[in-house]
2 protein chains.
Amino acid sequence: MSVKIPKAGEPVRGSTSGKPIMVLFDLLGRRWALGIVWNLSTGPQTFRALQSNCASVSPTVLNTRLKELRECGIVMKGENGYELTAEGDELFTYLQPLGHWSQTWSHAAKLKEDQ
Amino acid sequence: MSVKIPKAGEPVRGSTSGKPIMVLFDLLGRRWALGIVWNLSTGPQTFRALQSNCASVSPTVLNTRLKELRECGIVMKGENGYELTAEGDELFTYLQPLGHWSQTWSHAAKLKEDQ
DNA sequence: GATATTGCTACATATATTGTAGCATGTATG
DNA sequence: CATACATGCTACAATATATGTAGCAATATC
C-alpha cells in the first residue's frame, strides 16, 4: 500500500478544493510531521537521532513521514542524515513564532486549570 | 473512552518533556485541527457549516476536535456556533502566513513534478 | 402538528500509529 | 580477517483514530 502524498493542486483526503493550504495542513496534520520539521531546524540529524528526539515515534512512522516530507520538498537527505531543504527552512521560519506563543498559551491554560 | 487532551506542562503521547510546543504540535497534528482553526478564522460557524467546509470530516471527529480545541482554550461556543477565542485568534495570526507560503510551495512542487 | 435545520451520538469499517523484533549494510577495533 | 557496534531501515501484530452512514432529540418555521 502506497502512501497518499498530498500534491499541489490536487484534492486531498476528501477536500475537493485542493487548496494549497489544505494540502499543507493535510501533510502537517499527520503525526510527528510538525515535530520532525521542528527537530530538523537545528541542523541535520540521523534517522536514529531523530527517532530519539521524537520520543515515541516508531521507525515505521518516522520513515513514512520522512518519505512524505521529502516528496513534498520540505526535507532532504544529505551528508549528515536528514535535513531541511531551503523550502523546509522557510516553512520553519513561519512555524518558529509558535514556539513562543505556545509558552504563553500553556501558561494561560495552566492558570485556568488551577482556578 | 475519553480523549486524551494535551495539557500544558504534562507529557504528551510519549514525549516526556511536555514542552509546550510539542503539546501544541500534538494537538494541531490531529486530523482537521488546523483546518478547523483556519475555517473559523473568518467568523463563527455552526457545526454543520464547519462540517461542509471541512469536506470529508465525519461528525464524530469534528466533535472530538472541537472538544479538544475548546478544552485547550482555542475555540469556544458562542451565540452563532463555534468561534475562535482570543487565544485562537492569536494562534491564527501565526498560522496565516502559511497560507501565502503554501501557494509558492505548491507552485514549486508543481514545477518539479512537470520536469 | 408537519417539516426542516441543527447538533450531535452510534456503530461498523477502514486506515494510521505504536511497539517490538530483527536484518542488512557500513565502519571501527583487535 | 573477525567480531563488535552503529545506522537505516522493514515486518508484523496490537491498538488507536478516522471515515461514512444512519438516525435521534431538540429547537425553530410554517
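Chain identifiers are assigned alphabetically (A, B, ...) following the order of the sequence lines, protein sequences preceding nucleic acid strands; residue numbering begins at 1 within each chain.
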Exercise. Which pairs pass ring pair (Phe, Tyr, Trp, His ring centres under 6.0 Å) with one or both residues in residues 52-91 of chain B, sequence neighbours excluded?
Worked result: none

N/O donor-acceptor pairs under 3.5 Å from side chains in residues 83-90 of chain A, not counting sequence neighbours:
| unit_1 | atom_1 | unit_2 | atom_2 | d |
| --- | --- | --- | --- | --- |
| A:Thr85 | OG1 | A:Gly73 | O | 2.6 |
| A:Thr85 | OG1 | A:Ile74 | O | 3.2 |
| A:Thr85 | OG1 | A:Glu87 | N | 3.3 |
| A:Thr85 | OG1 | A:Gly88 | N | 2.9 |
| A:Glu90 | OE2 | B:Trp101 | NE1 | 3.3 |

Exercise. Roughly, in whole Å, what's the span from CZ in B:Arg30 to C1' in D:dT19?
Worked result: 18 Å

Exercise. Looking only at side-chain N and O atoms, does B:Arg65 come under 4.0 Å of OP1 or OP2 in D:dA18?
Worked result: yes

For this session: With sequence neighbours left out, write down each residue that passes side chain to side chain donor-acceptor pair (under 3.5 Å) with B:Gln45, or none if nothing qualifies.
Result: B:Asn53

Problem set entry | Below 4.0 Å: OP1/OP2 of C:dT18 and any side-chain N or O of A:Trp32 | yes

Problem set entry | Spacing of A:Leu62 atom CG relative to C:dG19 atom C1', expressed in whole Å | 14 Å

For this session: Starting from P on C:dG7, measure out to CD1 on B:Ile36 and report it in whole angstrom.
Result: 14 Å

For this session: Can you sort out the partners of B:Phe92 under ring pair (Phe, Tyr, Trp, His ring centres under 6.0 Å), two or more places apart, ordered by chain and number?
Result: B:Trp38

Exercise. Within this structure, what is the CG-to-P distance between B:Asn53 and C:dG7, rounded to whole angstrom?
Worked result: 13 Å

Exercise. Can you list the residues that meet the side chain to side chain contact (heavy atoms under 4.5 Å, CB included) rule with B:Thr93, with sequence neighbours excluded?
Worked result: none

For this session: Please answer whether the main-chain N or O of B:Pro59 pairs with a side-chain N or O of B:Asn63 as donor and acceptor at a distance below 3.5 Å.
Result: no

Problem set entry | Summary of protein contacts for nucleotides 6-11 of chain D, nucleotide by nucleotide, where a base hit scores B, a sugar-phosphate-only hit scores S (4.0 Å, heavy atoms) | -BBBBB

